[in-house]
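Data first, discussion second: the structure below is written as structure tokens.
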Amino acid sequence: MKRQSVIFLVGGIAAMIVAMGIGRFAFTPILPLMMEHQLFSTTGAGYLASSNYMGYLIGAIILTFFQVKNRHLLLMIGLCISVATTWGMGEFQTMQTLLS
């Protein structure tokens with residue numbers, strides 16, 4: 001296997017570890033704590049969890065239809081959005097804090 005292919009493969013694996021680690025496995029323990037502090041009802045938590053999964057689905061579908069010229073930039077933007085939205089979920093105490 002070419003060295004460039006190995007570097008690309010390892011970089012992709014590392015990006016998936018970060019994206020799934022932050023986007024999925026940080027989300028799982030935060031949600032019950034938010035429910036315990038009554039920041040979300042069961043229904044609200046369900047909508048939040050569904051929107052998390054919907055984001056994965058929409059991203060996967062969109063990227064199958066479009067040819068991306070700068071994949072590195074797209075990857076970095078996606079990773080930053082994943083980290084920022086997960087941070088925001090823990091940072092903001094209520095939805096009103098976010099909206100005001």
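- Placement of I77 and F66 in two distinct hydrophobic clusters is found when ILVMFWY residues are connected by side-chain heavy-atom separations under 4.5 Å, directly or transitively.
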For this session: Start with the C-alpha distance between L57 and Y53, add both sets of side-chain angles, then the distance that settles side chain to side chain contact (heavy atoms under 4.5 Å, CB included), and finish with yes or no.
Result: CA-CA 6 Å; L57 179 63; Y53 294 126; over 6 Å; no
For a quick test of your reading: what N or O donor-acceptor pairs under 3.5 Å do the side chains of residues 1-19 make, sequence neighbours left out?
none

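- Cluster membership for I61 and L74, using ILVMFWY side-chain heavy atoms within less than 4.5 angstrom, is not shared.
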